[in-house]
Amino acid sequence: MAAEFTRTNPKSLITTIYAFSVILCALGGSRTLRLNSESELDDSDSLVYLWPLPSEFTFGNDTLSIDPDLSLAVAGSGGSSAIVRDAFERYRSIIFKHSTRFSKLKLWGKPVYDVSKLRIIVHSDNEELQLGTDESYSLFVVKNDDHSIIGVATIEANSVYGALRGLETFSQLCAFDYETKTVKVYKAPWHIQDKPRFEYRGLLLDTSRHYEPIDVIKQIIESMSYAKLNVLHWHIIDEESFPLEVPTYPNLWKGAYTKWERYTVEDAYEIVNFAKMRGINVMAEIDIPGHAESWGAGYPDLWPSPTCREPLDVSNNFTFDVVSGILTDMRKIFPFGLFHLGGDEVNTDCWNSTPHVKQWLQDRNMTTKEAYQYFVLRAQEIAISKNWTPVNWEETFNAFASNLNPQTVVHNWLGAGVCPKAVAKGYRCIFSNQGVWYLDHLDIPWDGVYNAEPLEGIKDASEQQLVLGGEVCIWGERVDASNVQQTIWPRAAAAAERLWSNREATSGVNTTLTALPRLQYFRCLLTRRGVPAAPVANFYARSAPVGPGSCYEQ
């Protein structure tokens with residue numbers, strides 16, 4: 001496949017394109033899409049089968065054929081980025097998965113395709129990926145004929161990561177026609193201007209309760225990019241296992257289940273780089289001082305005693321040396337500005353029953369609750385000294401809100417109402433209410449996930465800005481490589497649209513009519529791409545289909 005590198009005037013180009021698209025749609029009428037009984041796009045429904053739904057879009061009445069030798073033309077200072085080129089190749093493989101060089105168009109003679117080139121314009125060559133990186137894009141698809149002012153599909157973005165989001169949308173517009181054996185775009189010309197509603201759109205993956213192989217983690221990251229999620233919260237370590245290599249304290253991964261269920265430093269680098277190529281940050285977590293029993297398998301001095309194995313020993317400076325060593329090593333791997341320090345479900349009772357810890361508390365006239373606060377704040381100071389912003393589960397806020405570091409991001413999980421309280425005190429917040437966004441809760445239906453609102457109860461505009469977004473969580477007690485993907489999908493996609501798309505456009509009176517058919521279509525798109533997504537509407541998530549039937553009705 002040929003790649004052509006050209007220079008244009010991108011700003012004037014996109015302005016002209018937009019004006020032309022409005023004229024075309026005005027002349028041709030503006031109808032929308034539906035899925036008929038044969039699972040094809042039709043022109044008599046009111047739904048647009050893009051997921052998540054873009055911010056603004058117009059379309060017309062043309063059907064365009066896409067050249068299987070689609071070429072790439074780039075412009076702008078970031079257009080020639082390897083991130084863009086590699087993504088184009090990935091999506092080209094997806095789009096033309098079923099097409100063939102022996103299509104009817106070619107059998108009839110010299111083929112003529114409406115779109116033979118994809119132009120990608122990227123204004124910035126800065127490839128840093130952080131919270132708030134610009135993911136906006138514009139996408140224009142028009143027929144290449146005498147009436148067209150431009151004969152290519154065009155994606156324009158300020159960053160390479162916006163270009164990635166535009167490529168995903170372009171791929172969803174492309175559909176294989178089994179009659180002609182060609183790829184087509186229906187309802188062209190398309191003009192889409194899109195940007196995310198929230199800057200943080202995450203998925204938590206727990207690899208402590210069950211080990212997830214590297215290839216499985218990569219598959220999850222790849223599938224996240226299809227739904228425009230942008231943060232993998234990697235809950236690497238917990239009380240059950242410590243699978244990560246830490247060079248400064250090499251005995252820590254003795255806490256792994258077996259010597260084969262481990263992640264090397266190189267593995268972690270590979271995951272972070274794989275994710276970056278798809279516009280996804282990786283936020284690591286070490287959950288302290290509770291959920292850390294596995295640490296003592298390699299360093300027993302981290303346990304207050306053999307019978308009191310967590311929380312970690314608050315009285316021992318060695319504990320904080322190890323925390324600092326872990327964070328020093330992890331800082332070399334994880335460039336994302338947020339780091340999760342846990343802090344949830346800390347039962348401090350055995351501190352009082354361990355003689356040397358009890359004496360340490362008495363010497364400082366400190367209660368166990370105050371010692372919990374001391375531990376959290378000291379860990380935060382270590383993270384901040386390494387240029388990280390600390391994220392903590394909501395228990396830390398609930399227990400000592402006024403004493404948390406002002407930089408703290410409060411991570412809600414126990415229930416509703418925490419984000420409103422956190423932002424009212426000036427803290428930033430991530431929404432993960434377990435009643436709607438814990439994917440291991442198999443009885444939460446798709447619409448419960450879809451209708452959840454991170455800004456619920458927050459009316460003040462300045463406080464709304466403090467809600468970074470949210471994430472769905474897949475805890476690992478009952479998932480491993482055999483079933484993790486069908487537990488994540490398609491319900492994670494329901495949250496992904498809530499986090500990306502305009503609230504007003506995705507909160508219809510009857511989401512069964514406005515969202516369910518589109519989510520079913522997206523679920524089938526996932527399965528076509530090799531993602532084992534479960535049926536949408538089953539009572540229990542990840543359960544098998546109930547009988548014969550179309551993918552688009554399950």
Side-chain angles (χ1 to χ4, degrees), residues 128-133 199-200 202 231-238 242 244-253 263 265 268-269 272 276 281-292 295 298-299 301-302 310-344 346 360 364 366 370-397 399-411 422 425-430 466 468:
E128 183 180 11
L129 181 62
Q130 288 292 345
L131 188 70
T133 293
E199 59 188 347
Y200 185 109
V231 179
L232 176 69
H233 175 178
W234 192 4
H235 189 90
I236 311 174
I237 301 153
D238 212 292
F242 196 117
L244 181 68
E245 179 184 16
V246 179
T248 302
Y249 290 95
N251 291 337
L252 281 170
W253 70 352
Y263 304 106
V265 168
Y269 271 120
V272 169
K276 181 179 180 180
N281 287 292
V282 180
M283 178 178 69
E285 177 181 358
I286 59 169
D287 197 349
I288 51 178
H291 290 283
W295 297 35
Y299 296 97
D301 286 348
L302 294 170
E310 61 181 25
L312 295 171
D313 191 342
V314 67
S315 71
N316 190 347
N317 277 326
F318 177 64
T319 299
F320 297 97
D321 291 341
V322 173
V323 170
S324 181
I326 293 171
L327 294 185
T328 297
D329 288 349
M330 294 179 85
R331 198 64 178 106
K332 300 171 186 175
I333 302 170
F334 299 99
F336 189 43
L338 303 185
F339 190 91
H340 209 301
L341 292 168
D344 63 312
V346 179
W360 183 88
R364 287 157 180 79
M366 190 181 290
E370 290 168 337
Y372 166 43
Q373 173 182 300
Y374 166 81
F375 196 115
V376 168
L377 297 184
R378 187 166 173 182
Q380 286 191 332
E381 289 174 0
I382 295 171
I384 291 169
S385 73
K386 301 181 190 308
N387 200 31
W388 259 320
T389 297
V391 184
N392 283 97
W393 294 110
E394 70 174 70
E395 283 95 329
T396 59
F397 174 81
F400 42 88
S402 59
N403 293 320
L404 282 173
N405 189 286
Q407 296 183 44
T408 304
V409 177
V410 177
H411 194 168
K425 289 186 175 293
Y427 294 107
R428 290 176 292 174
C429 192
I430 295 170
L466 295 176
L468 300 180

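All residue numbers refer to positions in the sequence shown, counting from 1. Treat the numbers as computed from the prediction; the structure is a model and nothing was measured.
Residues V265 and P247 have side chains in contact (heavy-atom distance under 4.5 Å, counting atoms from C-beta outward). Side-chain atoms of F339 and I286, non-hydrogen and from C-beta on, do get closer than 4.5 Å to each other. Side-chain atoms of T248 and T328, non-hydrogen and from C-beta on, never get closer than 4.5 Å to each other. Taking the side chain as every heavy atom from C-beta outward, C429 and L466 never approach each other to under 4.5 Å. The shortest distance between side-chain heavy atoms of L302 and Y249 does not fall below 4.5 Å. Looking at heavy atoms from C-beta onward, M330 lies in side-chain contact with I236 at the 4.5 angstrom threshold. Put simply, the side chain of R378 does not reach to within 4.5 Å of the side chain of V323, judged on heavy atoms.
Distance alone, capped at 3.5 Å, places no donor-acceptor pair between the Y299 side chain and the L252 backbone. Panel note: side chain E381, backbone N405; no donor-acceptor pair is recorded below 3.5 Å. At distances below 3.5 Å, at least one donor-acceptor pair connects side-chain atoms of S385 with backbone N or O atoms of I382. Proximity of a side-chain donor or acceptor of E199 to a complementary backbone N or O of L131 within less than 3.5 Å is not detected. A side-chain donor-acceptor contact under 3.5 Å links Y427 to the backbone of A401. Put simply, the side chain of Q407 never gets that close to the backbone of T389: no donor and acceptor are under 3.5 Å apart. With hydrogens and angles disregarded, no donor-acceptor distance shorter than 3.5 Å links the side chain of R331 to the backbone of W388. Checked by atom type and distance alone, the side chain of Y372 pairs as donor or acceptor with a backbone atom of G343 at under 3.5 Å. A donor-acceptor pair under 3.5 Å is absent between the side-chain atoms of S324 and the main chain of F320, judged by distance alone. For Q130 (side chain) and G337 (main-chain N/O), a donor-acceptor pair under 3.5 Å exists by modelled atom type.
No more than 12 heavy atoms of other residues, nucleotides or ligands sit less than 6.0 Å from atom NZ of K425.
Nearest approach of G342 to D287, heavy atoms of both residues: CA-OD1, 3.1 Å. Residues G290 and V346 come closest through the heavy atom pair N-CG2, 3.9 Å. The two residues V231 and M283 make their nearest non-hydrogen contact at CG1-CB, 4.2 Å. For L377 against L404, the heavy-atom pair with the smallest separation is CD2-CA, 3.9 Å. Scanning all heavy atoms of the two residues, the minimum distance from W360 to A371 falls at CZ3-CB, 4.5 Å. Between G325 and V246, the closest heavy-atom pair is O-CG1, 4.4 Å.
Between H411 and H233, the ring planes lie tilted relative to each other; the angle falls in the 30° to 60° range.
With rounding to the nearest 0.5 angstrom, the CD atom of E285 is 9.0 Å from the NE2 atom of H291. In this structure, the separation between CH2 on W295 and CG on N251 is 14.0 Å, given to the nearest 0.5 Å. Separation of atoms CG (N387) and CG (L327) is listed at 12.5 Å; rounding is to 0.5 Å. If you take CZ on F318 and CG on L312, they are separated by 10.5 Å, rounding to the nearest 0.5 Å. Between atom CD of residue E370 and atom CZ of residue F400 there is a gap of 11.0 Å, rounded to the nearest 0.5 Å.
The closest side-chain donor-acceptor pair between D313 and T319, if any, does not fall under 3.5 angstrom.
Exactly one of L232, L129, T133 qualifies for a side chain to side chain contact (heavy atoms under 4.5 Å, CB included) with N281. That residue is L129. Paired with Y263 under the rule ring pair (Phe, Tyr, Trp, His ring centres under 6.0 Å), one option of W253, W234, Y269 passes, and it is W234.
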Practice task
Might you work through the side chain to side chain contact (heavy atoms under 4.5 Å, CB included) test for V409 and Y200, ending with a clear yes or no?
Solution key: CA-CA 12 Å; V409 177; Y200 185 109; over 6 Å; no
Exercise for the section: Give the intermediate values and the outcome of side chain to side chain contact (heavy atoms under 4.5 Å, CB included) for residues N392 and F397. Expected result: CA-CA 8 Å; N392 283 97; F397 174 81; over 6 Å; no
